[in-house]
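First up is the structure itself, then whatever we jot down about it.
Quick note on labels: first sequence line is chain A, next is B, and so on, each numbered from 1. What you are looking at is a predicted structure, and each value in this text was computed from that prediction instead of being measured.
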Amino acid sequence: MEAVTNEAPNFDFETKVVAIAIAPGEAYCLSKENLKYLKDALAGEAVKVGHQLKASLLALRKEGFDCGGPLFDTQVAHYLIEPEASHELSILANQYLGTQLIESYDPVKNVCERADAALQIKKHLTRELESRNQTNLMTAVEMPLIRVLAEMEFEGVTIDTGKLGDMSDELKKDSQRLQGEIFEMAGMEFNIASPKQLGEVLFDKMRLLDKAKKTKTGQYATGEDILTKLAGEHEIAKKILDFREDEKLRSTYVDVLPRMISRFDGRVHTDYRQAVAATGRLSSNNPNLQNIPIRTGKGKRIREAFVARDKEHLILSADYSQIELRLAAVFAKDATMLEAFKNGRDIHTTTASKVFKVDIKEVTSDMRRKAKEVNFGILYGSTAFGLAQNIGISKTEAAEIIEAYFKEFSTIKKYMDDSINFAREHEYVETLLGRRRYLRDIHSRNQTTRGFAERNAINAPIQGSAADIIKLAMLNIQQWVKQEKLKSKMIMQVHDELVFDVHKEEADLFKEHVPWLMKTAVQLDVTLDAEVAVAENWFGAHG
DNA sequence: GCGATCACGTT
DNA sequence: GTACGTGATCGCG
């Protein structure tokens with residue numbers, strides 16, 4: 001199956017034709033007016049094969065057709081087999097069928113060609129999946145997830161454009177004021193948004209640093225870390241940072257989201273990509289709803305513009321707490337961490353107490369802050385240098401902290417070494433559900449390249465298993481919603497968080513049931529935890 | 001118009 | 001230090 005649509009931005013496409021291949025070398029193309037003759041066949045239990053099936057499901061759904069039966073997506077299948085390779089259909093056809101996809105000027109021929117190719121490639125991919133023991137991951141997780149994602153995208157999310165319009169005016173006003181002040185202090189006008197010009201003004205003209213850092217290409221580096229250090233002594237640096245923040249929020253979010261609203265239903269529809277992230281996470285684009293600001297005061301206000309669809313609904317958000325650290329504790333079988341999670345203790349305070357050798361009661365906020373960075377650093381396979389940079393301490397102190405950490409949490413150290421050794425032996429690592437990430441650079445003689453592979457050997461199983469788990473939770477939640485014929489909709493996923501447009505009558509039910517389904521998605525040696533909150537908007541729905 | 005570069009938003 | 005996506009600039013054409 002393969003659908004052809006026009007090139008309208010994101011959700012506002014219109015379906016042109018749909019091709020159906022029924023046997024090798026035999027494919028038919030239908031205009032959307034004739035799709036009705038296939039209604040029963042589409043709804044039926046026959047397996048539906050295609051490349052990027054989610055797009056086809058959405059095209060059909062917009063025309064009012066539901067697709068039944070199991071799915072087999074050749075792109076997602078190949079993503080499981082070789083996550084970081086290209087999954088283009090033409091390449092798969094070449095690799096598995098030994099044929100070139102015929103590129104015709106006739107779109108009917110193209111779409112039939114693609115439907116036929118997908119159908120024929122299926123058996124090869126099925127065999128590859130089987131040989132990797134990934135059949136269950138494919139059929140029980142990734143394939144049914146396609147429908148879940150299609151439904152989420154179809155629902156979309158409501159944006160309060162009035163709120164964003166007000167913000168845009170304020171941000172523009174603020175950044176223009178800052179621009180004037182920056183020009184005044186620099187004694188000249190220039191384009192602050194140009195790192196090249198900015199670097200020359202700060203470090204050639206104003207000579208704010210004796211030994212200004214350069215980027216790979218020889219330009220002055222003007223990133224946030226550098227300007228933050230400067231900000232203590234030079235007022236201009238702080239103003240540049242504020243200018244950057246205002247312009248970032250305005251140009252990336254506040255002014256863009258309203259333009260992404262569909263003329264069909266007045267909502268914003270992202271496109272979740274299921275075959276991009278090397279670890280098994282989803283990615284989101286057009287617009288990216290997985291990097292909506294939350295940290296800064298101004299950023300938070302953008303989340304306030306993500307609202308429920310109408311007066312009858314509310315936004316509910318549920319997120320896993322510390323899922324990656326819990327997984328690290330499970331994989332390492334670390335008694336201290338498992339016990340801390342079991343007893344609901346603050347994990348960063350626990351780590352601080354161990355690393356700094358003080359009683360839990362004696363842990364200061366600064367010690368906790370450092371311990372928190374250590375915990376995250378561990379998940380990423382961080383070095384002493386990276387940790388030092390992150391906390392703003394000396395490399396020596398960072399090395400001492402890491403040494404103390406590995407002494408207290410020797411099983412974590414062991415797990416990290418085991419992961420790297422597994423990668424050395426197999427040239428891949430894997431997740432809870434058998435998702436692989438190949439790490440062929442693990443044998444590289446280049447220290448930087450090899451180090452990167454080693455960090456991924458530690459991080460990929462943890463981040464990827466978290467992705468596995470939330471995918472299972474999404475499947476269970478959607479099944480429950482359907483079975484109980486509930487009105488509320490799952491509308492967003494942000495890696496460890498699920499967001500719902502809940503009908504007010506169902507808010508209490510979801511508050512209870514969604515976290516439960518998230519916590520029980522898998523059975524582990526640690527209990528998972530999920531926090532939930534309900535509010536008028538997305539920001540408010542963060543406990 | 002296109003791609004590289006830099007910067008920065010999230011987890 | 002993980003993983004992504006997007007916007008502005010700028011040099012190439």
Face-on cation placement of A:Lys395 at A:Phe385 ring, 6.0 Å and 45° thresholds: no

A:Tyr220 six-ring centre to A:Lys196 NZ/CZ under 6.0 Å and within 45° of normal: no

So what does [X] hit on the nucleic acid, given a heavy-atom distance under 4.0 Å: a base, only sugar-phosphate, or nothing?
X        : result
A:Arg295 : base
A:Ala466 : nothing
A:Leu282 : nothing

Value in whole Å for how far the [atom2] atom of [N] lies from [atom1] of [X]:
X        : N     : atom1 : atom2 : answer
A:Gln274 : C:dC4 : CD    : C1'   : 16 Å
A:Ile323 : C:dA3 : CD1   : P     : 18 Å
A:Leu379 : C:dA3 : CG    : C1'   : 13 Å
A:Tyr272 : C:dC4 : OH    : P     : 17 Å
A:Leu289 : C:dC4 : CG    : P     : 18 Å

Protein proximity profile, nucleotides 6-13 of chain C - base contact B, sugar-phosphate-only contact S, no contact -, cut-off 4.0 Å on heavy atoms: SSSSSS--

Is a donor from one side chain sitting under 3.5 angstrom from an acceptor on the other, for [X] and [Y]?
X        : Y        : answer
A:Asn10  : A:His269 : no
A:Glu200 : A:Gln219 : no
A:Asp334 : A:Thr411 : yes
A:Glu153 : A:Thr270 : no
A:Asn191 : A:Ser194 : no
A:Asp12  : A:Ser262 : yes
A:Gln463 : A:Glu324 : no
A:His542 : A:Arg303 : yes

A:Lys298 NZ: over 12 foreign heavy atoms closer than 6.0 Å: yes

Which parts of [range] get close to DNA chain C, meaning a heavy atom less than 4.0 angstrom away?
range                       : result
residues 446-464 of chain A : A:Phe452, A:Arg455, A:Asn456, A:Asn459, A:Gln463
residues 206-240 of chain A : none
residues 365-377 of chain A : A:Glu373, A:Gly377

Criterion salt bridge (charged side-chain N to carboxylate O under 4.0 Å, His left out) on A:Asp366 and A:Arg369, from CA distance to verdict: CA-CA 5 Å; A:Asp366 191 59; A:Arg369 179 183 67 87; 3.0 Å; yes

SB check A:Arg244 A:Glu224 (cutoff 4.0 Å): no

Sequence-distant partners of A:Phe183, ring pair (Phe, Tyr, Trp, His ring centres under 6.0 Å), two or more places apart: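 Testing A:Phe183 for ring pair (Phe, Tyr, Trp, His ring centres under 6.0 Å), a comparison that skips the adjacent residues, returns A:Phe190.
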
Side chain A:His78, main chain A:Thr74, donor-acceptor under 3.5 Å: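 No, the answer is negative, given that no donor and acceptor are paired below the 3.5 Å cut-off.
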
Criterion salt bridge (charged side-chain N to carboxylate O under 4.0 Å, His left out) on A:Asp271 and A:Lys54, from CA distance to verdict: CA-CA 10 Å; A:Asp271 177 5; A:Lys54 175 161 66 63; 2.8 Å; yes

side-chain N/O A:Ser283 vs C:dG5 OP1/OP2, d < 4.0 Å: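 Yes, because at least one side-chain N or O of A:Ser283 sits under 4.0 Å from OP1 or OP2 of C:dG5.
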
Phosphate-side-chain proximity, A:Arg437 and C:dA3, N/O vs OP1/OP2 below 4.0 Å: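 Yes, because at least one side-chain N or O of A:Arg437 sits under 4.0 Å from OP1 or OP2 of C:dA3.
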
Boundaries of the chain A footprint along DNA chain B (any atom under 4.0 Å from a heavy atom): B:dT5 to B:dT11

